[in-house]
Amino acid sequence: MNKGEDKGVISLGPGDSFDFRFRVNLRKTTVYTCSFAWPGNTATFDIFRADRDDNPQSKVGVCSECIWSIYEPAPCRDRRDGGQPNCFPWAS
């Protein structure tokens, strides 16, 4: 979800995927947040943040198609070149 749009609850199992498209706003403040749940654990993460994912000065660079692998220890943005993914701490 972001401030203006909630994608609703989407249940995914291991190996499943979900994709969505959007445009970054002119002020480059677009944020999409997702919550994930495992038996006995939940976590939240900003799956897209314009300051991180649409910023050439970001340490992880711009992604025109952000592909994430979600693991209980950490969410990881996959690299198109096959290199080591960029993993981030959970927000909660």
Side-chain angles (χ1 to χ4, degrees):
M1 83 171 99
N2 76 3
K3 288 195 297 186
E5 178 182 21
D6 187 341
K7 301 284 185 188
V9 175
I10 293 128
S11 296
L12 301 173
D16 289 348
S17 65
F18 172 73
D19 63 85
F20 63 99
R21 298 181 188 284
F22 60 92
R23 293 194 186 277
V24 175
N25 66 22
L26 292 175
R27 293 175 299 174
K28 298 227 178 230
T29 58
T30 303
V31 176
Y32 275 89
T33 303
C34 293
S35 296
F36 302 90
W38 297 266
N41 189 19
T42 60
T44 302
F45 182 71
D46 291 338
I47 207 74
F48 181 87
R49 279 189 7 220
D51 66 331
R52 179 191 64 214
D53 300 311
D54 193 44
N55 179 352
Q57 281 76 44
S58 166
K59 70 175 187 168
V60 294
V62 172
C63 64
S64 58
E65 181 183 18
C66 302
I67 299 174
W68 291 88
S69 294
I70 304 301
Y71 305 104
E72 195 166 358
C76 300
R77 194 174 97 184
D78 296 333
R79 291 180 41 176
R80 302 299 264 165
D81 65 5
Q84 191 73 11
N86 295 298
C87 297
F88 299 86
W90 289 107
S92 65

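For reference, positions follow the sequence shown, starting with 1.
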Would F36 and V9 show up in the same hydrophobic cluster when neighbours are defined by side-chain heavy atoms closer than 4.5 Å? no

Value rounded to 0.5 Å, distance of CG in D53 from OG in S64: 11.0 Å

Using modelled atom types only, decide if a donor and an acceptor are shared between the side chain of N55 and the backbone of D51 within a distance under 3.5 Å. yes

I need the minimum non-hydrogen distance between R79 and Q84, along with the two atoms involved. CD-O, 2.9 Å

To the nearest 0.5 Å, tell me how far C34 SG sits from M1 CE. 8.5 Å

Are there over 12 heavy-atom neighbours, none belonging to L26, within less than 6.0 Å of that residue's CG? no

Is there a path of hydrophobic side-chain contacts, each under 4.5 Å between heavy atoms of I/L/V/M/F/W/Y residues, joining V24 to V60? yes

Taking the side chain from W90 and the backbone from E72, do they hold a donor-acceptor pair closer than 3.5 Å? yes

So does N25 get a backbone contact from the side chain of T30, meaning a donor-acceptor N/O pair under 3.5 Å? yes

Should F48 and L12 be counted in the same cluster of Ile, Leu, Val, Met, Phe, Trp and Tyr side chains packed under 4.5 Å apart? yes

Mind checking the CD1-CG spacing from I47 to N2? Nearest 0.5 Å is all I need. 13.5 Å

Please check if the number of heavy atoms outside K3 that lie under 6.0 Å from its NZ is greater than 12. no

Using 30° and 60° as the class limits, which term best fits the ring planes of F45 and F88: parallel, tilted or perpendicular? tilted

Relative to the ring of F20, is the ring of Y32 parallel (under 30°), tilted (30 to 60°) or perpendicular (over 60°)? tilted

Nearest heavy-atom neighbours spanning K28 and A50: O-CB, 3.3 Å

Give, for atom CD of E65 and atom CG of D78, the distance between the pair rounded to the nearest 0.5 Å. 10.5 Å

Atom of I70, atom of W38 and distance for their closest heavy-atom approach: CG2-CZ2, 3.9 Å

With clusters defined by side-chain heavy atoms of hydrophobic residues (ILVMFWY) lying less than 4.5 Å apart, directly or transitively, does F22 cluster with I10? yes

Taking only Lys NZ, Arg NE, NH1 and NH2, and the carboxylate oxygens of Asp or Glu, determine whether R52 and D46 approach each other closer than 4.0 Å. no

